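What you see below is based on every heavy atom in this structure, not just the backbone, and it leaves out hydrogens, waters and symmetry mates. Predicted model, so just to flag it, every value in this text is computed and none were measured.
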Amino acid sequence: MSKFDLSTLSLVEIRQQRNELQAQEDAVSFARRIAQGRLDIANDELRRRAEKSPSTESVTSDLAGIFGQEHGGGSARPPRETNFSPDHDLVRDLERLCEDIGFGSLRTLDVDSVKQIAGSLSEFENQRSAERRRLFDQIDELTVELIRRYKDDGPDVESILGD
């Protein structure tokens with residue numbers, strides 16, 4: 001079901017709505033990437049313990065190795081330049097979550113606690129992924145309508161140049 005009644009929106013309003021949704025997606029995507037990075041750190045700690053590998057001084061000294069690993073493909077969408085504030089509500093939510101679950105003490109916790117941290121981070125990341133997919137669906141719907149109108153009605157050069 002469409003969130004938008006596209007028939008009542010002008011081209012300018014459709015583009016504006018799409019831009020707003022893209023900004024929301026940027027924020028969700030940013031918070032999701034931070035959560036993924038922290039999840040990678042927690043999973044690496046679990047791997048290190050399972051393999052009985054010695055720990056280094058701190059997690060931060062292992063970051064290059066953790067983040068240098070290939071974890072699968074990313075979005076098929078081309079990247080956009082974003083100006084995103086790390087003070088966004090979603091980032092603050094993630095920071096509170098990490099504080100509540102003891103992420104900063106990862107190396108000193110028992111295995112079950114590290115598994116709980118990984119589970120909490122995975123749940124946060126999954127919620128952001130679902131939110132991101134919904135936003136993509138809405139953005140795609142608006143994009144399809146823009147394309148349809150350009151094809152059917154021809155582009156309105158004045159409104160294109162006015163943006």
Side-chain angles (χ1 to χ4, degrees), residues 1-4 13-147 163:
M1 176 177 275
S2 174
K3 178 184 174 189
F4 310 103
E13 291 169 324
I14 292 173
R15 281 195 300 274
Q16 180 180 23
Q17 183 68 45
R18 186 179 66 169
N19 290 341
E20 289 171 13
L21 289 171
Q22 286 173 330
Q24 288 176 33
E25 189 279 323
D26 290 341
V28 169
S29 195
F30 183 77
R32 179 177 161 265
R33 286 190 309 268
I34 294 171
Q36 285 174 323
R38 291 183 182 179
L39 179 57
D40 288 345
I41 291 169
N43 285 334
D44 191 70
E45 180 65 16
L46 290 170
R47 179 207 50 80
R48 185 192 63 73
R49 290 182 187 197
E51 293 173 359
K52 299 187 184 337
S53 299
S55 69
T56 57
E57 279 185 34
S58 69
V59 173
T60 55
S61 62
D62 296 336
L63 289 179
I66 293 168
F67 293 145
Q69 299 171 19
E70 181 63 39
H71 294 286
S75 173
R77 293 172 182 269
R80 284 188 327 274
E81 182 178 332
T82 60
N83 289 322
F84 179 75
S85 169
D87 195 33
H88 190 276
D89 287 343
L90 285 174
V91 176
R92 284 193 300 235
D93 289 348
L94 178 59
E95 292 301 324
R96 277 191 295 276
L97 172 66
C98 286
E99 188 176 308
D100 292 347
I101 61 178
F103 180 80
S105 303
L106 200 63
R107 287 272 167 96
T108 63
L109 299 173
D110 61 56
V111 170
D112 288 337
S113 295
V114 177
K115 286 180 181 177
Q116 288 176 342
I117 287 171
S120 295
L121 289 168
S122 181
E123 182 179 333
F124 182 92
E125 190 275 335
N126 286 334
Q127 289 169 348
R128 300 298 72 78
S129 291
E131 189 175 354
R132 189 171 177 236
R133 280 189 294 276
R134 284 190 299 275
L135 288 166
F136 279 152
D137 289 345
Q138 293 172 344
I139 291 166
D140 289 347
E141 181 181 355
L142 291 166
T143 301
V144 165
E145 179 63 12
L146 283 172
I147 292 169
D163 282 346

From the list Asp112, Ile41, Asn43, Leu109, side-chain contact (heavy atoms from CB on, under 4.5 Å) with Ile117 holds only for Leu109

To the nearest 0.5 angstrom, please state how far the OG atom of Ser129 sits from the CD atom of Gln36. 6.0 Å

If every non-hydrogen atom of Arg49 is compared with every non-hydrogen atom of Asp110, which pair is closest and at what distance? NH1-C, 3.4 Å

Under the salt bridge (Lys or Arg N to Asp or Glu O under 4.0 Å) definition, can you give me all pairs with a residue in residues 118-129, not counting sequence neighbours? Arg32-Glu125, Arg128-Glu131

Nearest heavy-atom approach of Arg38 to Phe103 is O-CE1, 3.5 Å

How long is the span from the CG atom in Leu21 to the CD atom in Gln138, to the nearest 0.5 Å? 5.0 Å

Does Thr143 reach the side chain of Arg18, with side-chain heavy atoms less than 4.5 Å apart? yes

Asp44 side-chain N/O to Asp40 backbone N/O, donor-acceptor pair under 3.5 Å: no

What heavy-atom pair brings Arg47 and Ser53 nearest, and what distance separates the two atoms? NH1-OG, 4.3 Å

When rounded to the nearest 0.5 angstrom, what is the spacing between CZ in Arg15 and CG in Leu142? 11.5 Å

Presence of salt bridge, Arg134 and Asp137, under 4.0 angstrom: no

Going by heavy atoms in the side chains, are Arg107 and Arg48 under 4.5 Å from each other? yes

What distance do Arg132 atom CZ and Ile139 atom CD1 have between them, rounded to the nearest 0.5 Å? 9.5 Å

Nearest heavy atoms of Leu121 and Cys98, plus distance in Å: CD2-SG, 3.9 Å

Around Glu51, counting heavy atoms of other residues, nucleotides and ligands shown, do more than 12 lie under 6.0 Å from its CD? yes

Taking all non-hydrogen atoms of both residues into account, name the closest pair between Ala118 and Leu39 and its distance. O-CD1, 3.3 Å

Between Asn19 and Gln22, is there a side-chain heavy-atom distance shorter than 4.5 Å? yes

Which heavy-atom pair separates Phe124 from Leu90 by the least distance, and what is that distance? CZ-O, 3.7 Å

For Ser29 and Asp26: C-alpha separation, side-chain torsions, deciding distance, then whether side chain to side chain donor-acceptor pair (under 3.5 Å) applies. CA-CA 5 Å; Ser29 195; Asp26 290 341; over 6 Å; no

